[in-house]
Amino acid sequence: MARPFPGTEAVEVGALAEQAEVTFIGTATTVLRIGGFTLLTDPNFLHRGQRAYLGKGLWSRRRTDPALRIAQLPFLDAVLLSHLHGDHFDRVARRELDRQLPILTTPAAERKLRRWGFRSAEGLPTWQSHELHGDGEFLRLTSLPGQHGPGLLDRLLPDVMGTMIDLVRGGTRAFRLYVTGDTLNRPQLARIPERYPEIDAMLIHLGGTKVAGILLTMDARQGADLVELIRPQLTVPIHYDDYPVFRSPLSHFVAEVRRRGIVRQVRTIERGETVPLTPPA
């Protein structure tokens with residue numbers, strides 16, 4: 001059983017509820033409890049009014065507060081970092097996270113994290129896996145393709161990866177989660193359902209991030225296209241309203257999946273809320 005937050009109780013919704021749930025902290029920051037493992041994704045703990053550095057001299061001021069502080073987090077087995085942008089790994093995370101904590105990320109981000117003292121950072125090239133082992137089970141985390149910007153502009157942005165998380169018990173896969181990272185819906189993502197045809201749940205980074213009018217993360221249309229491509233049993237949208245550069249609100253995505261008749265496969269989540277990664281009844 002995954003470790004619960006102090007003062008909270010696990011949500012019981014069938015067998016999967018015991019082995020997979022997500023707590024939304026804000027932006028792309030979540031706590032994932034999958035089997036006996038607890039993971040933190042893309043740690044952004046800046047508060048309302050503080051600025052996140054986006055690179056190339058660009059900043060964006062946060063509109064919201066995170067639901068938890070780092071000191072309130074449960075014991076963590078690892079951090080999943082899709083890429084090294086200031087709204088995904090901020091100065092608070094750099095200052096307060098345990099330097100010995102494993103951080104699974106891109107090779108480029110690994111090099112910088114190690115210079116900052118995070119000696120357990122590990123960069124995963126696309127399709128490479130890392131395993132976390134526990135009592136009678138293990139978690140396989142596989143780096144997946146992602147592209148943060150269109151065309152040649154992508155070369156000016158940090159490398160980004162998605163992650164496939166497989167919980168394996170007794171040699172059998174018990175649960176599978178896809179975390180998209182800050183990617184656009186590009187042709188290379190079609191290889192994901194070819195390799196992983198059965199996906200239980202997807203955490204999708206949305207927001208329609210735009211800088212100088214250029215789309216850098218999925219908007220409502222691209223997000224709905226990806227749901228139809230990946231065909232997970234459940235999709236949970238995150239990364240959609242915390243910064244002014246996010247231009248495509250969650251309501252647009254919900255309206256788009258409703259128009260396409262796939263809204264029952266989507267579960268929205270509020271900051272501070274914990275939900276099971278199981279499909280709606």
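Heavy atoms only: backbone and side chains are in, while hydrogens, waters and symmetry mates are out. Nothing here was measured: the structure is a model prediction, and the numbers come from that model.
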Spatial distance of atom CZ (Arg176) from atom CD (Glu198) [nearest 0.5 Å]: 7.5 Å
Same apolar cluster (I L V M F W Y, side chains within < 4.5 Å links), Tyr240/Leu184: no
Any side-chain heavy-atom pair of Thr278 and Leu234 under 4.5 Å: no
Near-ring test Phe89/Phe118, centroid separation under 6.0 angstrom: yes
Leu189 with Ile262, same ILVMFWY side-chain cluster at under 4.5 Å: yes
Charged N-O contact under 4.0 Å between Asp65 and Arg48: yes
Straight-line distance of Phe253 CZ to Met218 CE, nearest 0.5 Å: 8.5 Å
Sidechain-backbone polar pair: Arg231 side chain, Leu226 backbone, donor-acceptor under 3.5 Å: no
In one Ile/Leu/Val/Met/Phe/Trp/Tyr side-chain cluster, 4.5 Å: Tyr243, Ile25: yes
Nearest atoms (heavy-atom pairs only) where Pro125 meets Pro107: N-CG, 4.0 Å
Side-chain (Thr126) to main-chain (Leu144) donor-acceptor, under 3.5 angstrom: no
Between CD on residue Gln50 and OG on residue Ser60, distance to nearest 0.5 Å: 13.0 Å
Whether Gln72 side chain and Arg69 backbone form a donor-acceptor pair below 3.5 Å: yes
Trace of the side chain to side chain contact (heavy atoms under 4.5 Å, CB included) decision for Val92 with Leu97: CA-CA 8 Å; Val92 181; Leu97 281 178; over 6 Å; no
Contact check, side chains of Val179 and His205, non-hydrogen atoms, under 4.5 Å: yes
Atom pair CG/CZ of Leu141 and Phe37 - distance to nearest 0.5 Å: 9.0 Å
Arg119 side chain vs Arg114 backbone, donor-acceptor pair below 3.5 Å: yes
Asp242/Arg62 salt bridge by N-O under 4.0 Å criterion: yes
Chi angles and distances behind the side chain to side chain contact (heavy atoms under 4.5 Å, CB included) call for Leu277, Phe175: CA-CA 10 Å; Leu277 290 169; Phe175 182 76; 3.8 Å; yes
Candidate list Leu139, Leu132, Val22, test side chain to side chain contact (heavy atoms under 4.5 Å, CB included), partner Ile34, passing option: Leu139
Steps toward side chain to side chain contact (heavy atoms under 4.5 Å, CB included) verdict (Met202, Val236): CA-CA 6 Å; Met202 175 168 70; Val236 178; over 6 Å; no
Closest approach of Glu137 to Gly35 (non-hydrogen atoms, all atoms of both residues): OE2-C, 3.7 Å
Leu101 to Val79 - nearest heavy-atom pair and separation: CD2-CG2, 3.3 Å
Side-chain (Ser248) to main-chain (Ala220) donor-acceptor, under 3.5 angstrom: yes
Point-to-point distance, once rounded to the nearest 0.5 Å, from CG of Leu157 to CG of Leu216: 6.0 Å
Single-linkage hydrophobic cluster, 4.5 Å side-chain cutoff, Leu80 and Val168 together: no
Heavy-atom check, side chain of Val160 versus side chain of Gln147, under 4.5 Å: no
Evaluation steps, side chain to side chain contact (heavy atoms under 4.5 Å, CB included), between Ile192 and Met164: CA-CA 9 Å; Ile192 295 172; Met164 193 67 74; 3.8 Å; yes
Identified side chain to side chain contact (heavy atoms under 4.5 Å, CB included) partner of His239 from the options Asp87, Leu203, Leu250, Asn44: Asp87
Test item: Leu32 and Leu177 side chains (from C-beta on) under 4.5 Å apart, heavy atoms: yes
Side-chain donor or acceptor of His88 paired with backbone N/O of His83 under 3.5 Å: no
Any donor-acceptor pair under 3.5 Å from Arg247 side chain to Gly207 backbone: no
Cluster link Leu58 to Ile214, ILVMFWY, side chain under 4.5 Å: yes
Side chains of Asp166 and Tyr196 in contact at under 4.5 Å (non-hydrogen atoms): yes
Gln128 to Leu124 - nearest heavy-atom pair and separation: NE2-CD2, 3.8 Å
Thr268 vs Pro237 side-chain heavy atoms within contact, under 4.5 Å: yes
Note: Glu194-Arg191 ion pair, threshold 4.0 Å (strictly below): no
Nearest non-hydrogen partners of Ser82 and Thr106, listed with the distance: O-CG2, 3.6 Å
Carboxylate-amine/guanidinium contact Arg33 Asp77, below 4.0 Å: no
Distance (rounded to the nearest 0.5 Å) between Leu229 CG and Asn185 CG: 6.5 Å
For Thr180 against Thr183, the heavy-atom pair lying closest together: O-CG2, 3.7 Å
Pairwise side-chain contact, Asp241 with Pro249, heavy-atom cut-off 4.5 Å (strictly under): no
Flag, side chain of Gln233 to backbone of Ile199, donor-acceptor distance under 3.5 Å: no
Note: Arg260-Asp225 ion pair, threshold 4.0 Å (strictly below): yes
Under 3.5 Å donor-acceptor, Ser120 side chain and Gln100 backbone: yes
Leu215 side chain near Pro150 side chain, heavy-atom distance below 4.5 Å: no
Donor-acceptor under 3.5 Å (Asp90 side chain, Leu46 main chain): yes
